[in-house]
Protein chains: 2
Amino acid sequence: MHLPVAPGSSVENLARALIDIPSVSGDERAIASRVEAVLRDCAHLDVVRIGDSLVARTTLGRSERVIIAGHLDTVPIKGNVPSKMSADGTEIIGRGAVDMKSGVAVQLALAVELIAPTRDVTWVFYDNEEVEASRSGLGRIVRERPELLEGDFAILGEPTSAVIEGGCNGTLRLDVTIHGKAAHSARAWKGANAIQGAAPLLAALAAYESEDIEVDGLTFREGINAVGIHGGIAGNVIPDACTVSINYRFSPAWTVGEAKARVEGLVTGAYEGVPEPANGRTVTWEYTDEAASARPGLDAPLAIAFADAVAATGAPAPRAKLGWTDVARFGELGIPAVNFGPGDPERAHASGEGESCPVSDIHRCHTALRDWLMEPVD
Amino acid sequence: MHLPVAPGSSVENLARALIDIPSVSGDERAIASRVEAVLRDCAHLDVVRIGDSLVARTTLGRSERVIIAGHLDTVPIKGNVPSKMSADGTEIIGRGAVDMKSGVAVQLALAVELIAPTRDVTWVFYDNEEVEASRSGLGRIVRERPELLEGDFAILGEPTSAVIEGGCNGTLRLDVTIHGKAAHSARAWKGANAIQGAAPLLAALAAYESEDIEVDGLTFREGINAVGIHGGIAGNVIPDACTVSINYRFSPAWTVGEAKARVEGLVTGAYEGVPEPANGRTVTWEYTDEAASARPGLDAPLAIAFADAVAATGAPAPRAKLGWTDVARFGELGIPAVNFGPGDPERAHASGEGESCPVSDIHRCHTALRDWLMEPVD
């Protein structure tokens, strides 16, 4: 059976057909092959398959190239495949309706339809987004074939309710350990209490005020927070170690290296001027996670034109993406990127009929991207 | 086989014979029966058996009554039964040599020997000391037959290297929980960080200076310490709860109720004047353990005479007991109590030949107690 991509067939029907091909992370072979067949039927596209990911490019020699990407996998199915249409015909329902087969349907329909876009387009369909980052098909292309991802601007079709969400904050996680000296709690003065040694760090974190940082016309709010703490050996022992896990959500104004310097400054600053206890105290840290931020690039003419096309659909103004998404992979390549796709992200991953996407979102995304990619370019 | 308690037999031989009867906690029937047989042979003692505990009293109508107690059980045997004598004949070696069959031997020898002590004596041999407090044979006597434990002063034969260690600090444990509000860490301002909310409490604990409190002529050092902390849900969530476990070692100057008021004052005081964060913060606590302190009573004439008898053996001056021991059970009955027994407590519970007790300690304890219990009383 062919996917319904013939001219005149509706994008929502294509979205439903994609939902009906189960593609839980790690099991994308079937859907990738069906998408590949559609793309290879298009004489205007250069198609490369890498594992279960596909890259399909127009090569019209345009002055600008846009990358439009979406993932083929979903979280596990929870009684919501095959798809349904809501009784009133306004929503499609099923696993991936939001995250993100409606977005993939918009992209695949346009890949077929736009034989001669005014901007060259690199369409990317990739596997393994909903699992650990090391398995990501997009990450694999970045590592193995970065030249396939060259471009001036990237759009990731993750659900945003058809509003532009620009760039994304980066994220760092570090475990800060305060080391003290164990002793019996009836003779506490022979030890150095590591839990109590965390007080200056927690006080500094509590006093930290999250900064609003403007990047490319959007405001990114940062945050440095304790997200975990543990320490203690037994009810009668002065603890010799206490570990505070810190998460720093940093704006696209900073590289990972700059962000590390900032959070390390907070940690060491917390202990400046704090007298060291009699039996010593040392503070060490170790990073457990790091992910780059991505600039939105919404100040470039190319992006301004895109924002205008989206505004023409009646969508609210672009806003900053505060959570981390795969746009950061483009950030690492120096390509500004935004999130733009149908569906309310709060409904992603819901069970049963909970994951549903307004058909109107699908149409607005399709219209905005088509109009932008077909508008005359100077 | 009878225990070697005939006149003229050495106390160290009795200690070895007691070690050679395995009596790991819960398995004290055999040793209790052997001790019972010895006590029942003494016409000068009134003997009561309660489970595997024994109470044997002189009833001479003396003006003062002293309770002298020791436990019959040991921690599990680790290749150290039967007992041995060290090559140079100065130490006895085996499970319980320190904790506390040497002490039991001193007590049992004196129970047989002292037909007419100048102070009435209540000898107590009890089971299940080395396990959870609820199983304690001494606790059972306190609950079921408190009249058997009436007296003016108590001596517990726990190892102290034959030095008087008076009374004991009490201990309280409480879990203080700071409650906040969960949120995604990319939108931290929508939550209230409970881990960071622990900062004032940890700072107050760090600033607390342990007090030296004099009770009945001994100095008890107190301590309030964080002994555990945990909090956090996931690496991307603002934590809604953080629990700090606190241990308060309080001097015999305070009842349990007074000690609770003191530690609660520290907890609530930590948050006085600290502004409540936007999304709220509450602090609650729950006690997880409480054990009374015990006064040493070393200022009473009876106790002064005992301290003199111990000093005559060349022992250092009495000191305060900072850890918690069963003397607190006497404290609960309003009876001042001290620890006094042969063996270095640091060698208690050691494996193989590690648990060993100097014969000289056994002799010093025997001499001091006998001289004191036989001295003329006004």
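All chains are named by letter (A, B, ...) in the order of the sequence lines, taking the proteins before the strands, and each is independently numbered beginning at 1. Keep in mind that the numbers below use all heavy atoms, side chains included, and drop hydrogens, waters and symmetry copies.
Within a 6.0 Å radius of CD in A/Glu209, no more than 12 heavy atoms belonging to other residues, nucleotides or ligands are found. Taking a 6.0 Å sphere around CD of B/Glu346, one finds it holds 12 or fewer heavy atoms contributed by other residues, nucleotides or ligands. Shown here is A/Glu132, whose CD atom has more than 12 heavy atoms of other residues, nucleotides or ligands within 6.0 Å.
Listed options A/Val244, A/Thr243, A/Val237, A/Asn169 were ranked by heavy-atom pairs under 4.5 angstrom with chain B; first place goes to A/Val237. Ranked by heavy-atom pairs shorter than 4.5 Å toward chain B, the options A/Ala226, A/Gly223, A/Ala206 are led by A/Ala226. The greatest number of non-hydrogen atom pairs below 4.5 Å with chain B, out of A/Arg187, A/Arg221, A/His230, is found for A/Arg221.
Neither the backbone nor the side chain of B/Ala207 comes within contact range of chain A; no heavy atoms are under 4.5 Å apart. With a 4.5 Å cut-off on non-hydrogen atoms, A/Ser185 touches chain B through its backbone and its side chain both. Looking at A/Asn236, both its backbone and its side chain come within 4.5 Å of chain B, counting heavy atoms on both sides. Heavy-atom distances place no part of A/Ala194 under 4.5 Å from chain B, backbone and side chain included. If you measure heavy-atom distances from A/Asn193 to chain B, the contacts under 4.5 Å come from the side chain alone. Neither the backbone nor the side chain of A/Ile246 has a heavy atom closer than 4.5 Å to any heavy atom of chain B. Of the atoms belonging to A/Ile233, it is backbone heavy atoms, and not side-chain ones, that fall under 4.5 Å from chain B.
Contact of the A/Leu202 side chain with the B/Ile195 side chain is registered, since non-hydrogen atoms from C-beta on lie closer than 4.5 Å. Using a 4.5 Å heavy-atom cutoff, the side chains of A/Asn225 and B/Gln196 are in contact.
In this structure, the side chain of B/Arg173 engages the main chain of A/Gly235 through a donor-acceptor pair within 3.5 Å.
The shortest heavy-atom contact between B/Ala199 and A/Ala203 is CB-N, 3.5 Å.
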